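Below is one structure, written out as structure tokens; the observations come after it.
All values reported here derive from a predicted model rather than from experimental measurement. Numbers restart at 1 for each chain; the letters A, B, ... are given by sequence-line order, proteins then strands.
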There are 2 protein chains.
Amino acid sequence: MANSAVARVGRDAISETLGREIVDGAHRSGAVLTLESLQQRFGVSRTVARDSVKVLESHGLLYSKRRIGLVVTAAKHWDVMSPSVIAWRLASADARGAFIELTQLRIAVETEAAALAAARRTEVQAHQMLDLAATMRRLGESEQLTEFITADIAFHRLMLEAGGNSMFAALADVVAEVLSGRTQHGLMPTRPMPEALDAHDGVARAIADQDPREARRYMEVLVDEVRSALEE
Amino acid sequence: MANSAVARVGRDAISETLGREIVDGAHRSGAVLTLESLQQRFGVSRTVARDSVKVLESHGLLYSKRRIGLVVTAAKHWDVMSPSVIAWRLASADARGAFIELTQLRIAVETEAAALAAARRTEVQAHQMLDLAATMRRLGESEQLTEFITADIAFHRLMLEAGGNSMFAALADVVAEVLSGRTQHGLMPTRPMPEALDAHDGVARAIADQDPREARRYMEVLVDEVRSALEE
DNA sequence: TAAGTTCTAAAGGTGTGATGTTTGGTTCTG
DNA sequence: CAGAACCAAACATCACACCTTTAGAACTTA
């Protein structure tokens, strides 16, 4: 039953492919596709083509119009906070731009998240944060970069979740992406700076002490470093 | 061809209804629906039922599993930043909780956005911001609350867009929602405080002056007010 | 010539029946 | 009792028919 003429492809793969193409600019805003063309191209039935389109449509990448077809939407209407769109942008030609925007978002959210975490953290979370800060220091000073980043990600995720704001928590994956991407984008020294280690410590202690103001202050230090790295 | 037994309902209305129900907790995490049950309930064909499900699926509210059906996802997996989900949450029983989270997000993003706008604004945007700040003062002092809020929304939207970060710009609608919702949630005095007017002025001037540090400082003033209102 | 009207065909929307595919459960067997 | 074999449920996909909307062409008319 293999289709020899066309690379037969699963349902998700189609929206995945099209999503990447649109975000990548392969189809300009206003460009028109048709279900028929998708059926041809991917060798699938109308049902599957429509399913894929539905996904893209609900992320705002296109909309379908009778008698016209599938109209690609301008970037300003994309659901740019959705994990799928973020992933597509990070895989696009403008990955760097996306990365910078994500970093700016992270910077914005994390100072507030630190303060929130200080106000809301549980006892267990407080201990975990202190532990992670200590781990980061140890790994950072012995230059075990991979393990360091893992701990760093866990630290930030925990902090974002401890604040009790689900929208902040939802950014944990984004932050993880940004943190592990920093090395590729030359935004990270091979050896974590002592100031950064101190600041992580400070944040953890402030959160444990339930001191939002202090937590914010230390997080500002971290974030300032990232900002200046961004401006190079 | 009207279906008399069941209230026949359009395609979008179904995902809308189900989305609200799930977000509202009417279907717990792990609950299972079937396409068949949706067809029955809404009096639609499989095609339409599947379309609706696809939308919910791409926002992470459920996933479909063979031999099982449509499984409602835990809240932590929802695409909580997507405009649809935000709207559903704001229409749910926990609207207040959603509103608070959105406000926290707004607070987080806007300080950073002010600084970004100062760095990136065009000449035209600088003038518009100054104008809007002046308009807000006039309307605020004459207690024209409705018009004031309109100007307020325009001000914040412009600022968010001026920074050039598409993720910040995407929050403009959310911020608009929060700003106009403040009155309903008792987070806003009937007469804008003079300090708030001054701060808006300050932000506008700093952005016009391309002074990120100052823009951030004034925005902090605004945001501090909102924070304290939130803590009551 | 310009403006309005009618018509038509293109493209998505919806409905249905048949068939494929996965997979949780059940039953059978050694 | 463990594991293999089997079954049936529910979604996945396909094919096809028909409905609905609507951009644009053709046509009319002032």
Side-chain angles (χ1 to χ4, degrees), chain A residues 1-19 21-22 27-74 77 84, chain B residues 1-19 22 27-73 77 84:
Chain A
M1 213 113 319
N3 186 325
S4 54
V6 188
R8 188 62 146 302
V9 114
R11 169 179 53 114
D12 294 338
I14 296 178
S15 45
E16 215 50 36
T17 303
L18 283 178
E21 286 181 1
I22 292 175
H27 311 278
R28 307 289 183 79
S29 160
V32 175
L33 308 173
T34 62
L35 285 176
E36 179 60 28
S37 72
L38 298 184
Q39 293 179 53
Q40 290 287 323
R41 173 172 171 198
F42 295 101
V44 293
S45 71
R46 193 181 166 96
T47 308
V48 174
R50 287 189 81 242
D51 275 4
S52 312
V53 164
K54 265 273 162 291
V55 173
L56 299 175
E57 196 171 6
S58 60
H59 289 309
L61 267 60
L62 51 75
Y63 62 92
S64 73
K65 216 178 165 199
R66 288 194 188 195
R67 169 65 211 256
I68 300 296
L70 313 166
V71 187
V72 176
T73 313
H77 296 118
S84 320
Chain B
M1 224 99 335
N3 185 326
S4 54
V6 190
R8 189 60 149 303
V9 113
R11 170 179 54 115
D12 293 337
I14 297 179
S15 45
E16 215 48 37
T17 302
L18 281 178
I22 293 175
H27 311 277
R28 307 291 183 75
S29 159
V32 174
L33 307 173
T34 62
L35 283 176
E36 177 60 28
S37 71
L38 297 184
Q39 294 180 54
Q40 290 288 325
R41 174 172 171 199
F42 295 102
V44 294
S45 70
R46 234 179 32 247
T47 309
V48 175
R50 288 188 83 243
D51 275 4
S52 312
V53 164
K54 264 275 160 291
V55 174
L56 298 176
E57 196 171 6
S58 62
H59 289 307
L61 267 59
L62 51 76
Y63 62 91
S64 75
K65 214 178 164 199
R66 285 200 174 161
R67 170 64 213 252
I68 299 294
L70 312 167
V71 186
V72 176
T73 313
H77 297 116
S84 320

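Salt-bridge annotation for R41(A) and E21(A): present, with a side-chain N of the basic residue lying under 4.0 Å from a carboxylate O of the acidic one.
In this structure, S37(B) contributes its side chain and L33(B) its backbone to no donor-acceptor pair below 3.5 Å. S15(A) contributes no side-chain N or O that, together with a main-chain N or O of S52(A), makes up a donor-acceptor pair within less than 3.5 Å.
In this structure, L35(A) places its CG atom 10 Å from P of dA11(C), rounding to the nearest Å. If you take CD of Q40(B) and P of dG15(C), they are 14 Å apart, rounded to a whole angstrom. Put simply, CZ on R46(A) is 10 Å from C1' on dC16(D), counting in whole angstrom units. Put simply, NZ on K54(A) is 15 Å from P on dA12(D), counting in whole angstrom units. We find that CD1 of I14(A) is positioned 8 Å from P of dC14(D), with the value rounded to whole Å. If you measure from atom CZ of R50(A) to atom P of dG12(C), you get 10 Å, rounded to the nearest angstrom. Between the P atom of dG12(C) and the CG atom of D51(A) lies a distance of 15 Å, rounded to the nearest Å. The CD atom of E36(B) sits 12 Å away from the P atom of dG17(C) (whole-angstrom rounding).
A sub-4.0 Å separation between OP1 or OP2 of dA9(D) and a side-chain N or O of K65(B) is absent. Applying the 4.0 Å criterion to OP1 and OP2 of dA12(D), one finds that S64(B) has a side-chain N or O inside that range.
In this structure, the side chains of V48(A) and F42(A) stay at 4.5 Å or more apart for every pair of heavy atoms. With a 4.5 Å cut-off on side-chain heavy atoms, L62(B) and H27(B) do not count as touching.
When distances run from any side-chain atom of R67(B) to the nucleotides dA23(D), dG15(C), dG25(C), the shortest one goes to dG25(C). Each of dC14(D), dG12(C), dC11(D) was ranked by its minimum atom distance to the side chain of T47(A); first place goes to dC14(D). For R66(A), taking side-chain heavy atoms from C-beta onward, the closest of the listed nucleotides dC11(D), dG25(C), dG13(C) is dG13(C).
Residues I68(A) and S45(A) both approach DNA chain D. Their nearest nucleotides, taken by heavy-atom distance, put S45(A) toward the 5′ side. Take the nearest nucleotide of DNA chain D for T34(B) and for V48(A): the residue whose nucleotide is more 5' is T34(B).
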